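Worksheet for the structure shown next.
Just so we're clear, the structure is a prediction, and the values are computed from it rather than from any experiment.
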Amino acid sequence: MSLQGPVYLRWRAGRPLPEEARFETLDAALDAVEARWDELQHQAPQLLDARRILLLSTAELAAMAEEEAPSGG
């Protein structure tokens with residue numbers, strides 16, 4: 001996936017308003033989600049485009065993380 005940004009990662013960290021991080025590309029945002037997945041997975045992460053329209057929901061990010069996880073076999 002290579003969407004030009006900015007792309008925003010939004011998550012809820014126990015505050016009334018969600019937190020956001022800005023990335024130049026979708027690939028950079030996905031790399032950040034992957035690197036922080038242990039922390040973000042329970043904080044409803046979402047990826048949004050420059051207009052703040054949902055690109056990837058929490059469920060979609062979770063499914064991607066499951067696909068990437070090494071099987072314990």
(request) Would you give the length of the straight line joining atom CG of Leu40 to atom CD of Glu19, rounded to the nearest 0.5 angstrom? (result) 9.5 Å
(request) Give a yes or no on whether the backbone of Ala65 and the side-chain of Glu68 come within a donor-acceptor separation of less than 3.5 Å. (result) no
(message) I need the single residue from Leu56, Val33, Leu48 that forms a side chain to side chain contact (heavy atoms under 4.5 Å, CB included) with Leu9. Which is it?
(response) Val33
(message) Restricting to non-hydrogen atoms, name the atom on Trp37 and the atom on Pro45 that form the minimum distance, rounded to 0.1 Å.
(response) CZ3-CG, 3.8 Å
(message) Is there a side chain to side chain contact (heavy atoms under 4.5 Å, CB included) between Trp11 and Arg36? Walk through the geometry before answering.
(response) CA-CA 11 Å; Trp11 70 96; Arg36 297 176 54 191; 3.6 Å; yes
(request) With rounding to the nearest 0.5 Å, note down the distance linking CE in Met64 to CG in Leu47. (result) 8.0 Å
(message) Using the side chain to side chain contact (heavy atoms under 4.5 Å, CB included) definition, which of the options Asp31, Asp49, Val7 pairs with Leu26?
(response) Val7
(message) Between Glu24 and Arg22 (salt bridge meaning N to carboxylate O under 4.0 Å), is one present in this structure?
(response) yes
(request) Indicate, with yes or no, if Leu55 and Tyr8 share a hydrophobic cluster defined by side-chain heavy-atom contacts under 4.5 Å among Ile, Leu, Val, Met, Phe, Trp and Tyr. (result) no
(request) For the residue pair Gln43 and Arg12, confirm or rule out a side-chain donor-acceptor distance under 3.5 Å. (result) no
